[in-house]
Amino acid sequence: LTVARLGTMSLLALTIAAFLPLLPAYMHSLHTVCSGAGCPVGQLTPQAVQALQAVGLSVNAFVAYTLVLTLLALLMCWSVTAVIMWRKSDDWMALLVAVMLVLMGTSYVTHLLLQRPSPWQVPSLLLDILTFGIFFLVFCLFPSGRFVPSWLRWLPVGWIVWGLIMISLH
């Protein structure tokens with residue numbers, strides 16, 4: 001259990017350390033108006049900019065609003081994680097859920113950064129693969145802590161393998 005706690009704390013620290021440098025790139029993506037046909041979800045289109053201006057809002061107001069909502073979601077995930085760590089750090093399933101919540105809080109930022117070419121695509125991809133790998137793992141193990149049916153254990157493994165293939169293609 002001590003190893004699980006240390007591993008959880010290390011993974012939480014690594015997630016935070018990997019996430020914080022992504023915020024400036026996320027803000028830049030929010031500021032950039034997409035002019036192509038395939039705009040990423042969360043990025044403004046020229047029509048969206050006109051709609052914002054029609055109601056008296058600027059692109060900067062949109063970015064501030066989106067960033068505040070993103071950080072609030074992140075804060076909520078990390079707050080629940082802190083409560084879980086404080087109250088249930090002796091339960092390995094609770095530790096796994098805590099890691100999942102910390103990673104899920106980063107998914108708003110990583111999702112947008114994955115959809116457009118940038119130097120932050122590979123770190124975003126790593127966080128995204130880890131996030132959904134642990135997400136699958138939590139829901140494959142819930143509520144008993146066992147894989148029922150037993151073939152479910154291959155779902156998170158398959159996700160991680162697919163993620164490694166995607167990383168190698170970048």
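Owing to the predicted nature of the structure, the values given are computational and were not obtained by experimental measurement.
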(message) Would you compute the distance between atom CG of L67 and atom CE of M27 and round it to the nearest 0.5 angstrom?
(response) 5.5 Å
(message) Show, in sequence, the C-alpha distance, side-chain angles and deciding distance for Q43 and V33, and conclude whether the side chain to side chain contact (heavy atoms under 4.5 Å, CB included) test is met.
(response) CA-CA 7 Å; Q43 194 171 17; V33 178; over 6 Å; no
(message) Just verifying a value: how many Å separate I84 CD1 and L101 CG, rounded to the nearest 0.5 Å?
(response) 5.0 Å
(request) Taking all heavy atoms of L152 and all of F147, pick out the closest pair and write down the distance. (result) C-CD2, 3.8 Å
(message) Please say yes or no: joined through hydrophobic side-chain contacts below 4.5 Å, possibly via intermediate residues, are M100 and W86 part of one cluster?
(response) no
(message) With a 4.5 Å cut-off on side-chain heavy-atom distances among I, L, V, M, F, W and Y, is there a chain of contacts connecting L30 to L23?
(response) yes
(request) First locate atom CZ of R146, then atom CZ of R153, and finally report the distance between them rounded to the nearest 0.5 Å. (result) 11.0 Å
(message) Any heavy-atom pair between the side chains of H31 and N60 that's under 4.5 Å?
(response) yes
Please table the atom pairs, donor to acceptor, closer than 3.5 Å between any side-chain atom in residues 125-136 and protein atoms at least two apart or in another chain.
from: T131; atom 1: OG1; to: L103; atom 2: O; distance (Å): 3.4
from: T131; atom 1: OG1; to: L127; atom 2: O; distance (Å): 2.6

(request) Could you pull out the closest heavy-atom pair between C34 and P46, with the gap in Å? (result) O-CD, 3.0 Å
(request) Answer yes or no: is there a donor N or O on one side and an acceptor on the other, between the side chain of H28 and the main chain of P24, under 3.5 Å? (result) no
(request) Kindly work out whether a path of hydrophobic side-chain contacts (I/L/V/M/F/W/Y, heavy atoms less than 4.5 Å apart) joins L96 to L6. (result) no
(message) Just verifying a value: how many Å separate I160 CD1 and I165 CD1, rounded to the nearest 0.5 Å?
(response) 12.0 Å
Extract all donor-acceptor atom pairs below 3.5 Å that involve side chains of residues 70-81 and protein atoms in other chains or at least two apart in sequence.
from: T70; atom 1: OG1; to: Y26; atom 2: OH; distance (Å): 2.9
from: T70; atom 1: OG1; to: T66; atom 2: O; distance (Å): 2.8
from: W78; atom 1: NE1; to: V102; atom 2: O; distance (Å): 3.3
from: S79; atom 1: OG; to: L75; atom 2: O; distance (Å): 2.7
from: T81; atom 1: OG1; to: C77; atom 2: O; distance (Å): 2.9
from: T81; atom 1: OG1; to: A98; atom 2: O; distance (Å): 3.2

(message) Measuring only between side-chain heavy atoms, which start at C-beta, is W162 closer than 4.5 Å to W159?
(response) yes
(request) Output the distance between atom CZ (F62) and atom CG (L57), rounded to the nearest 0.5 Å. (result) 10.5 Å
(request) Tell me, yes or no, whether the heavy-atom count around M9 atom CE, taken from other residues, nucleotides or ligands under 6.0 Å, exceeds 12. (result) no
(message) Please determine whether residues F142 and L137 belong to a single hydrophobic cluster, defined as Ile, Leu, Val, Met, Phe, Trp and Tyr linked transitively by side-chain heavy-atom distances below 4.5 Å.
(response) yes
(message) Other members of the hydrophobic cluster containing V83, with the 4.5 Å side-chain heavy-atom rule, please.
(response) none
(message) With a 4.5 Å cut-off on side-chain heavy-atom distances among I, L, V, M, F, W and Y, is there a chain of contacts connecting V3 to M93?
(response) no
